[in-house]
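Treat the numbers as computed from the prediction; the structure is a model and nothing was measured.
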Amino acid sequence: MVRRPVAWIVAIVLFVEAFGIAAVNWFLGVVVDRQDMSLAGLDPDMMSTSSKIGGIVFGLYFAFCGLVALLVALRDRAPAGFGRILLISAAVVHALLGAFAWGLLGPAEFVFMVVVLALIVLLLMTYDRPQAPADAAPGATGGDGGPVTSPPAPTTP
């Protein structure tokens, strides 16, 4: 099956991305703090602090998404409730980041974001198939791949 390896890959990618996002934003906060310049009259200390806090919050968000993917990989069950919402929101965030990456950074970063988006969507979709009960008749629940049809109408003699 493809489900568990995809969940493992998504978990690893999201954990690495969480660390990367937090580190880059922390670095940007340090750079702003050391330059001691204001942008349109904004306080440099406030910009530095907000960059660091934003990096930590965004990093924790991706870490929680990675934790959900890790739990999916360990349990081999579909994410439910809040975990599913987190993974869907991570897919939306990667779609938006991919759109911005194309314009600001280039095609390579866009491709990375689209690959991560595809992995998250694949993780969500592979666990979406309903499991038919083992004791059910093959045609009763549509388990043979065809549509469920009603039995023929009785005929009168």
Do Val57 and Val68 sit in one hydrophobic cluster, given that two such residues count as connected whenever their side-chain heavy atoms are within less than 4.5 Å of each other, even indirectly?
no

Heavy-atom donor-acceptor pair, Thr49 side chain to Asp45 backbone, under 3.5 Å:
yes

Only one of Tyr61, Phe112, Phe110, Phe62 passes ring-ring contact (aromatic ring centres under 6.0 Å, His included) with His94, and that residue is Phe62

Heavy-atom nearest pair, Phe15 first then Ala63, reads CE2-O, 3.3 Å

Spacing of CG belonging to Leu119 relative to CG belonging to Leu87, to within rounding of 0.5 Å
12.0 Å

With a cut-off of 6.0 Å (strictly less than), are more than 12 heavy atoms of other residues, nucleotides or ligands near CZ of Phe58?
yes

Is Leu105 reachable from Trp102 through a run of hydrophobic residues whose side-chain heavy atoms are each under 4.5 Å from the next?
no

For Val32 against Ser48, the heavy-atom pair lying closest together:
CG1-N, 4.1 Å

Could you state whether Ile12 and Leu70 fall into the same hydrophobic cluster, counting links through intermediate Ile, Leu, Val, Met, Phe, Trp or Tyr residues with side-chain heavy atoms under 4.5 angstrom apart?
no

Which heavy-atom pair separates Ala90 from Ile120 by the least distance, and what is that distance?
CB-CD1, 4.0 Å

Scanning both residues in full, the closest heavy-atom pair of Ile21 with Gly59 reads CG2-N, 4.3 Å

I want to check something: taking the side chain as every heavy atom from C-beta on, are Lys52 and Val30 in contact at a cut-off of under 4.5 Å?
yes

Could you check whether any side-chain N or O of Asp33 sits under 3.5 Å from a backbone N or O of Gly29, counting only pairs where one atom can act as donor and the other as acceptor?
no

Taking all non-hydrogen atoms of both residues, which atom of Asn25 and which atom of Ser51 are closest, and how far apart?
O-OG, 2.9 Å

Exactly one candidate in Val72, Leu123, Thr126, Leu122 meets side chain to side chain contact (heavy atoms under 4.5 Å, CB included) with Arg3; the answer is Thr126

Intermediate values then yes/no, side chain to side chain contact (heavy atoms under 4.5 Å, CB included), Leu74 and Trp8
CA-CA 8 Å; Leu74 291 174; Trp8 281 105; 3.6 Å; yes

Is there a path of hydrophobic side-chain contacts, each under 4.5 Å between heavy atoms of I/L/V/M/F/W/Y residues, joining Val16 to Trp26?
no

Heavy atoms of Pro79 and Leu124 approach each other most closely as CG-CD2, 4.1 Å

Should Val92 and Leu97 be counted in the same cluster of Ile, Leu, Val, Met, Phe, Trp and Tyr side chains packed under 4.5 Å apart?
no

